[in-house]
Amino acid sequence: MSIIDNISEVRRRFQSEADKTKNSKDLEQLRITFLGRKGLISSMFERMSEIDPKDRGVFGKSLNEFKTYVSNRLDEVGLTLKETKSRDKSVDFSLPGIKSFSGGLHPLTLVMDEIIDVFRGMGFKVETGPEAETVYYNFDALNTLDWHPARDLTDTFYLDVPADIPLNWVMRTETSPVQIRVMENQKPPIRIIAPGKTYRKDKPDASHSPYFMQVEGLYVDKGVTMADLKGTVLAFYRAIFGKDTKTRFRPHFFPFTEPSAEVDVSCIFCKGEGCRVCKQSGWLEMGGSGMVDPIVLEGVGIDPEIYTGWAFGLGIERIAMFKYGVDDIRLFYENDLRFLEQF
Ligand code: DAH
């Protein structure tokens, strides 16, 4: 084979072998075969003497070009091999990640925990009672007499009991029955709160739900007055809504307190100026309260001549709605993650 033919043959061979290179060992072998001291290109340079001296210049030039080409191509192949290798071993950052989920506390739990913390700080103990309650604890002992509309079948969930037993069991309509259970079992001084679930036959809408949560408060001791109630309630709302919060007590009626009052707080949105939320009144209604009726104290065996007490009850959802700017109570019970994940 003439040396000219030989050079094109060597080029073809190099190209095909370079394409087939799979690893650094192949690559090294290729470098030795073509560029090594005894390699194909060296041997072609050695055969220059066979060429007609007038063609030597052109031949030498193209042989040199070929040598440069081989050297560049080998570098290129080496680089590609390196990239492939590192891609195999390491993380592929272009792949979509695996999303991880973490749980969180329900907004009502968050608010409840905060309320409990505030009252604990003021020396109140936490007590609980059953959600399925007897008519005695839910109504009778709380002086909620037979004529009271809250006892109606249309307002209260009565539990299914055999026909020969009077309608004796209800889902508690308020947390107040816990007051009775505590006073039956503890001697004054009594200072407790009772957080928990309550049930009423209300048709769900933006401000009603057939189940909701309340916190009951009760303080019984010698010489307890309405001034203590007002001071405690004010301190509580300031802890929850901020130190500029004001409270207002409006006369009201509850069967188990006398006198009774409804508690309003200065609107947390307009600071009492009047806005859409407080219906321009500057006040938000928060719950009921009052001095424990002597009839109730007598019923649990606490002498109203010696002891007095106050009580209050408030709704947790209402506080949560104001705190978090939620305008529909049903959101708390729909378990929609898009809502719950915001807390
Ligand atoms: N139980 C009442 C209700 O659910 C709230 C309430 C009012 C509780 C006055 C009290 C109280 O302890 O003294 O509407």
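Computed over heavy atoms, backbone and side chain alike; hydrogens, waters and symmetry mates excluded. A quick note: this is a predicted structure, and the numbers were derived from the prediction, not measured. For ligands, and for the atoms within them, numbers begin at 1 and follow the listed sequence.
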Worksheet item: Are any of the N or O atoms of A311 closer than 3.5 Å to those of ligand 1?
Response: yes
Discussion item. Are any of the N/O atoms on G288, whether in the backbone or the side chain, positioned under 3.5 angstrom from an N/O atom of ligand 1?
Written reply: no
Practice prompt. Answer with yes or no whether the side chains of T173 and N138 bring together a donor and an acceptor at under 3.5 Å.
Written response: yes
Worksheet item: For residues Q186 and E127, is any side-chain donor paired with an opposing acceptor at under 3.5 Å?
Response: yes
With a 4.0 Å cut-off on N to O distance, would you call [X] and [Y] a salt bridge?
| X | Y | result |
| --- | --- | --- |
| E76 | R73 | yes |
| R200 | D202 | no |
| K20 | E17 | no |

At a 4.0 Å threshold, what atoms of ligand 1 neighbour a non-hydrogen atom of [X]?
| X | result |
| --- | --- |
| S176 | 1 (N), 8 (C) |
| G290 | 13 (O) |
| E174 | 1 (N), 2 (C), 3 (C), 4 (O) |
| Q179 | 12 (O) |
| R200 | 3 (C), 4 (O), 14 (O) |

Discussion item. Among all protein heavy atoms in this structure, tell me which lies nearest to atom 8 (C) of ligand 1, with the distance rounded to 0.1 Å.
Written reply: G313 N, 3.3 Å
Worksheet item: Which of the listed options, H252, Q214, E216, holds the heavy atom that is closest to atom 10 (C) of ligand 1?
Response: E216
Practice prompt. Tell me which one of F253, F254, F256, F212 gets a heavy atom nearest to atom 11 (C) of ligand 1.
Written response: F256
Discussion item. Is G287 close enough to touch ligand 1? Criterion: a residue heavy atom under 4.0 Å from a ligand atom.
Written reply: no
Fill in: M291 contact mode with ligand 1 (heavy-atom cut-off under 4.0 Å)
neither
Response to the item:
The side chain to side chain contact (heavy atoms under 4.5 Å, CB included) partner of F332 among V111, I316, V326, L340 is V326
Practice prompt. First locate atom CD of E114, then atom CD1 of I319, and finally report the distance between them rounded to the nearest 0.5 Å.
Written response: 9.0 Å
Practice prompt. Can you measure from CG (D336) to CD (E341) and round to the nearest 0.5 angstrom?
Written response: 9.0 Å
